[in-house]
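Predicted model, so just to flag it, every value in this text is computed and none were measured. A, B, ... follow the sequence lines: proteins, then strands. Residue 1 opens every chain.
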2 protein chains.
Amino acid sequence: MATEFTGTGDPARSMALLWRTAATSDRRPGPKSALDVDRIVAAAVTVADAEGLSAVSMRRVAADLGTAAMTLYGHVPGKGELVDLMLDSVLGELYPDRPPTGSWRARLEAVARENRALFLRHPWAVHLAAGRPPLGPHLMRKYELELRTVDGLGLSDVQMGLLVELLNGFVRGTVSGVQERATAEQAAGITEDRWWTAMAPHAARFFDVERFPTAARVGPVAGKDRQTAHAPERSFEFGLERLLDGIGVLILDASR
Amino acid sequence: MATEFTGTGDPARSMALLWRTAATSDRRPGPKSALDVDRIVAAAVTVADAEGLSAVSMRRVAADLGTAAMTLYGHVPGKGELVDLMLDSVLGELYPDRPPTGSWRARLEAVARENRALFLRHPWAVHLAAGRPPLGPHLMRKYELELRTVDGLGLSDVQMGLLVELLNGFVRGTVSGVQERATAEQAAGITEDRWWTAMAPHAARFFDVERFPTAARVGPVAGKDRQTAHAPERSFEFGLERLLDGIGVLILDASR
DNA sequence: GCCCATGTCCGTACGTCGTACGTCATTCGC
DNA sequence: GCGAATGACGTACGACGTACGGACATGGGC
């Protein structure tokens, strides 16, 4: 694994790819390609959705497209750039019509829910989105629309940026647990439930109630209703409520 | 890469390793080993701290210990289990003396700051901690101590669990950006600054102020003081403030 | 209508990874 | 001392990303 993730090559080439500023081959000699960037990206996204990012290899994507691995390099400089393209591509699914409307609270809630839904659809996108982002058209659009939801509330520009970043970070944080677990599931070929039921008796052997009294009372290990208490949606709803309450305090302060 | 991350083998073996319930080799025949689990884990953590988790290979860790790759398999079932051990190991650095004290707000703030500091020391631990956790002694201790900081506030057990999870998720979310960027840096061999200055002119070519007016005003791409506005500590401080404000609302409700 | 520059396609190969297997050397209980 | 159990580790396999270069199709300029 040389380049890990994200494009590392020529920035100009990366940007041209992201914004699809191809030469569009205005009648050059040479055979027509059956492939194009969009088809490759779509195939890669399909693989990632179904089997996780680790299943996305150049060989695999090429095979799904009925071609050989090296064929892809004619359209995409490398895997890093392909991953960048994948991320920007799925970001285009956000806010299909227009930015969220309503009260500031409704708008921010909608932003959080749309982002969460996107990440649940494409779990592999979570930790990509946390890193150095590909400055593609869909990321730009997302950023613009999200900033608009916190515009005109009396906040400073810096506060607006921080707020959008906070909300995105929160969603990533709550989803990443689900995502990492899902990745582990298909990597290990064992579901969350099976893993817990396999691990629980062994955990119980080491779980000392005297050393961990509070965890024993509250925690998911001891509790019977582990599932319900640990349900990711509940974590999300709970956290969103707290976060919006806290943002409300800020906005109240700003408006007076 | 067969097992990706986290142990997938025998749960009993994993737990015995995590809790160091070794047979302690009470005089068995065969040669003495110069290695033990602790030395292997420590070496792996050192590599991960310095060069990222992707630099942690069995060959590399073995080389740093002056031995061959396969030697490690006598002490550790596989890489997944080693990673589990690494994570639980560094979690032991949290709350060196006792749990945080003071007001609920001071306690929660301390929890957030200690976790953040840990993740900044060991960036690779961030996305491991998000997944299926290794139920080792240090994770148990962390969970117990953090639950105690929200005990006795009039919250339900479920709310206590959710609160601890929320705080941890927030810290992970804010740190993961820093971490992913750092990983990308050493993978690409280019610093954040260099990347931005290399990318900025190309970004500007596609950045349409008419399409993205709000982003143009607020965003880090256009702004001169990108650095200061985007500083990760500022994001953390800002988010923590909002979060604690929101938690305050909940605690106020619970106490009346 | 032909030529060749400009493409695409892809087989091969190298160096990385995790780790299964088998051989060998060491060191204990007796 | 000696048999047996155990640690060390060389070799090998199949995955990975991708550099290289040959085979081949195509279209514009003449």
Asks: Name all residues meeting the side chain to side chain donor-acceptor pair (under 3.5 Å) criterion together with Thr67(A); count only those two or more places apart in sequence or in a different chain, and write none if there are none.
Replies: Thr71(A)
Asks: Verify the distance criterion only: is there a donor paired with an acceptor across the side chains of Tyr95(A) and Asn115(A) at less than 3.5 Å?
Replies: yes
Asks: Report the distance from atom CZ of Arg60(B) to atom C1' of dG15(C), rounded to the nearest whole Å.
Replies: 17 Å
Asks: Any luck finding a side-chain donor-acceptor pair between His138(A) and Glu93(A) under 3.5 Å?
Replies: no
Asks: Just to be sure I understand the rule, does Val76(B) reach a base, reach only the sugar-phosphate, or reach nothing, if contact means heavy atoms closer than 4.0 Å?
Replies: nothing
Asks: Using atom OH of Tyr73(B) as one end and atom P of dC21(C) as the other, report the distance to the nearest whole Å.
Replies: 13 Å
Asks: Measure from CE on Met58(A) to P on dA15(D) and round the result to the nearest Å.
Replies: 18 Å
Asks: Measure all distances between protein nitrogen or oxygen atoms and nitrogen or oxygen atoms of nucleotides 7-13 of chain D, and list the pairs falling under 3.5 Å.
Replies:
from: dA8(D); atom 1: OP1; to: Ser33(B); atom 2: OG; distance (Å): 2.9
from: dC9(D); atom 1: OP2; to: Thr67(B); atom 2: OG1; distance (Å): 2.4
from: dC9(D); atom 1: OP2; to: Thr71(B); atom 2: OG1; distance (Å): 3.2

Asks: Checking salt bridge (Lys or Arg N to Asp or Glu O under 4.0 Å) for the pair Arg13(A)/Glu81(A): CA distance, chi angles, key distance, verdict?
Replies: CA-CA 9 Å; Arg13(A) 177 83 196 276; Glu81(A) 285 80 0; over 6 Å; no
Asks: Give a yes/no verdict on a cation-pi contact between Arg141(B) and Phe212(A), requiring under 6.0 Å between NZ or CZ and the six-membered ring centre and an angle within 45° of the axis.
Replies: no
Asks: Grab the NZ-P distance between Lys79(B) and dA15(D) for me, whole Å please.
Replies: 19 Å
Asks: Salt bridge (Lys or Arg N to Asp or Glu O under 4.0 Å) with Asp36(A): which residues, sequence neighbours excluded?
Replies: none
